[in-house]
Asks: 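Sending over a structure as structure tokens; questions will come in a sec.
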Amino acid sequence: MHILLIEDDDRVADYVAKGLREAGHSVDRSGDGREGLIQASTETYDAIVLDRMLPSVDGMKILHTIRATGDMTPVLILSALGDADERVKGLRAGSDDYLAKPFSIAELVARVEILGRRGPAPVEPTTYRVGDLEIDRLGHMVRRGGRKVELTAREFRILEYLARNAGRVVTRSMLLEAVWDYHFDPQTNVVDQHVSKLRQKIDRDHDRPLIHTVRGTGYVLRAD
Amino acid sequence: MRILQSLSFRLALIYVALFGLSVAALLAFYFWISVRAPLEAVQTRVQGEADAYARVYILDGADALVRGLEARAVRLDDRMPFHAFLDPEGRVLSSNLPSWPAYAGRRWLWLEADIYADGDETDHEAIVLDRRFDDGARLLIGRDVEDIDDLREQLVAAAWWMLAGTMLLGVVGGALMSRAIGRRIETINRAARTVIAGDLSGRVVTRGSGDDFDRLGETLNLMLARIEELVESVRRVSDSVAHELRTPLMRMLVGLEELAEEKDEDRRRQLAEEAIEEARRLHRLFDALLRIARIESGRHRARTEPVALDRLVADAVEFHQPEADARGRRLHLGTVDAGTVSGDPDLLFQAVSNLIDNAVKYTPSGGEIIVSVEGEGQQIRLSVCDDGIGIPAAERSRVTQRFFRGEGTSGIPGAGLGLSLTSAVAALHQARLEFPDRDRGTRADMIFPRQTGLAS
């Protein structure tokens with residue numbers, strides 16, 4: 001993916017750029033709001049990582065300007081303001097995701113990859129297939145190797161989200177945001193327990209597991 | 001002058017001026033009633049007499065007039081009559097007045113008149129109308145107004161004294177009052193200056209008389225006590241924050257120092273990961289602290305929407321179910337009445353989630369956790385009950401303090417912030433967080449008033 005990073009703090013920018021490059025993406029960097037805005041409007045990117053507070057032009061203003069020209073490139077905002085209402089403000093202004101500093105690079109890479117994949121107009125298929133796993137979104141039915149797997153509504157939503165992003169890492173906080181209707185901060189790794197229950201139902205009695213744990217980051221649904 | 005700047009003194013001066021004016025008006029009215037009006041009555045009477053005698057002179061001649069005047073002079077009725085009649089050559093034809101001034105146009109004169117009674121001579125004041133006929137004869141007709149004149153003199157003298165006295169008493173009284181009030185205000189000033197200087201224990205000294213200033217002082221003292229309490233709690237919190245952050249910082253520092261020295265690659269990675277985990281924990285701690293502070297100070301711009309508590313607890317139980325199952329706790333819903341409050345669903349979910357999380361943590365394996373919502377008249381009670389280690393009665397009032405961790409909780413992970421957050425969320429929703437007495441285990445109640453808005 002071709003990614004534009006607009007971040008004025010060199011240290012953070014190095015860290016983010018390095019992480020994204022290591023994940024196999026090309027990164028253009030800009031340390032200034034005005035310059036970044038020009039770059040965003042002259043070149044086409046798969047995703048933009050935008051710091052909220054920048055010299056010369058504020059991040060939110062850049063976002064407004066980009067969206068005002070009809071450019072729907074996915075934008076992820078980085079911000080030191082991590083509170084829930086700041087996040088809501090960012091999302092309302094047209095960003096596709098919002099990540100509070102400090103963040104881990106794995107979390108950022110996972111989120112950017114999912115943003116970039118989404119593209120301009122996501123068309124979701126009615127059935128996902130990962131290996132011998134088949135998920136019928138309309139019928140709320142899951143089969144593995146032709147055998148029906150009984151899932152709770154929540155487990156189904158977790159699996160659906162993993163399948164939609166099959167092959168890509170999904171972090172715990174991404175799961176929490178996507179699958180539960182509340183934005184909150186669980187005290188313990190309750191999400192892991194949900195995934196582990198799901199995994200039992202999907203991968204038990206099968207030699208090749210489909211749900212893999214990415215250490216320290218999250219999960220990935222993969223058939224390899 | 002300082003006293004002129006004093007509001008109470010200036011008010012007293014204005015009061016004195018107003019009071020002086022009303023005294024003057026009262027005096028003027030009394031003067032009119034008892035001096036002006038009777039005098040005018042006498043003048044009208046004298047005018048009538050003068051007109052009558054003038055007709056006598058014109059119609060019947062000087063002799064007839066003199067006879068009439070002499071007859072009038074001896075009629076000593078209520079007011080002594082006086083007259084003087086001079087022929088055109090200036091000769092006095094009849095008179096009982098000692099003297100009179102030269103003619104200076106027709107007008108009223110005040111003349112000294114003497115009255116002889118029992119051989120004594122008394123001076124009287126008379127009001128006299130002086131007129132001259134076309135042929136040059138002159139007639140002065142008057143009556144005694146000594147009583148009215150005396151009253152007038154007395155009144156004028158009294159008026160000056162009264163006005164002067166009023167002013168003097170007013171100014172002196174005003175100054176005294178201003179000083180008394182100033183002294184009371186100064187006690188308030190003194191307390192305020194003490195507080196400004198940094199000593200929050202400064203209080204207004206009250207007299208115990210229960211007067212206005214005492215009541216003001218008591219109100220201010222209550223306010224100061226509240227401020228002192230708040231500042232004290234802020235100080236306590238920042239102290240404990242600093243203290244609590246030391247431990248993870250210390251662990252991180254130790255780990256990083258060891259990392260700098262370590263040669264073994266695997267051990268290095270392990271140390272680095274531990275340091276990262278420590279940093280993450282610190283980050284979470286900061287986030288939680290900031291969040292509590294924002295909610296408590298009302299800076300959290302909470303969403304407000306109807307939240308069905310029955311659905312919320314069902315979601316929360318469902319969320320924690322796998323964790324509880326994995327740890328061998330029986331977590332389930334109890335009575336769930338329908339109940340809707342107005343509030344922020346994310347915050348409420350977080351609050352309930354923290355309560356369930358605590359219950360799971362502080363209940364031994366095999367324990368039971370029941371979450372319920374019960375409508376009770378004007379309130380809705382959301383409860384999380386467990387049969388775990390419970391909270392000792394002595395600790396109950398402190399469990400919502402930041403970083404407070406009860407006896408016997410060491411070894412169970414936690415930072416002591418969960419209940420602080422729940423308590424802050426409850427307060428934001430005008431709910432009470434209570435821990436009623438129980439034989440065993442803990443019962444946490446969030447008691448919401450029915451249908452209320454957010455405190456904003």
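Chain naming here is simple, since letters A, B, ... match the order of the sequence lines and numbering starts at 1 in each. Computed from heavy atoms alone, side chains included, the values below leave out hydrogens, waters and symmetry copies.
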Asks: To the nearest 0.5 Å, what is the distance between CD (A/Gln193) and NE2 (B/His320)?
Replies: 11.5 Å
Asks: Atom CG in B/Asp346, atom CH2 in A/Trp180: separation rounded to 0.5 Å?
Replies: 14.5 Å
Asks: Return the CG to NE2 distance between B/Leu347 and A/His183, rounded to the nearest 0.5 Å.
Replies: 10.5 Å
Asks: Do A/Lys197 and B/Asp325 come close enough that some side-chain heavy atom pair is under 4.5 Å?
Replies: yes
Asks: So which atom in B/Phe319 and which in A/Val190 form the shortest heavy-atom distance, rounded to 0.1 Å?
Replies: O-CG1, 2.9 Å
Asks: Tell me, side chain or backbone of B/His283 under 4.5 Å from chain A's heavy atoms, or both, or neither?
Replies: side chain
Asks: Should the ring pair A/Tyr182 and B/Phe349 be called parallel, tilted or perpendicular, given that the plane angle runs from 0 to 90° and is split at 30 and 60?
Replies: parallel
Asks: So, are A/Arg215 and B/Glu273 salt-bridged, with charged N and O less than 4.0 Å apart?
Replies: yes
Asks: Please indicate whether B/Arg267 has more than 12 foreign heavy atoms, meaning atoms of other residues, nucleotides or ligands, lying under 6.0 Å from its CZ.
Replies: yes
Asks: Is there a side-chain contact between B/Arg311 and A/Asp181 in this structure, where contact means two heavy atoms from C-beta onward sitting under 4.5 Å apart?
Replies: yes
Asks: With a 4.5 angstrom heavy-atom cut-off, could you sort out which part of B/Ile276 is near chain A: side chain, backbone, both or neither?
Replies: neither
Asks: Let's test your reading of the structure: which of B/Arg280, B/Glu277, B/Glu318 forms the most heavy-atom pairs below 4.5 Å with chain A?
Replies: B/Glu318
Asks: Tell me, for A/Leu176 versus chain B, whether the close heavy atoms (under 4.5 Å) come from the side chain, the backbone, both or neither.
Replies: side chain
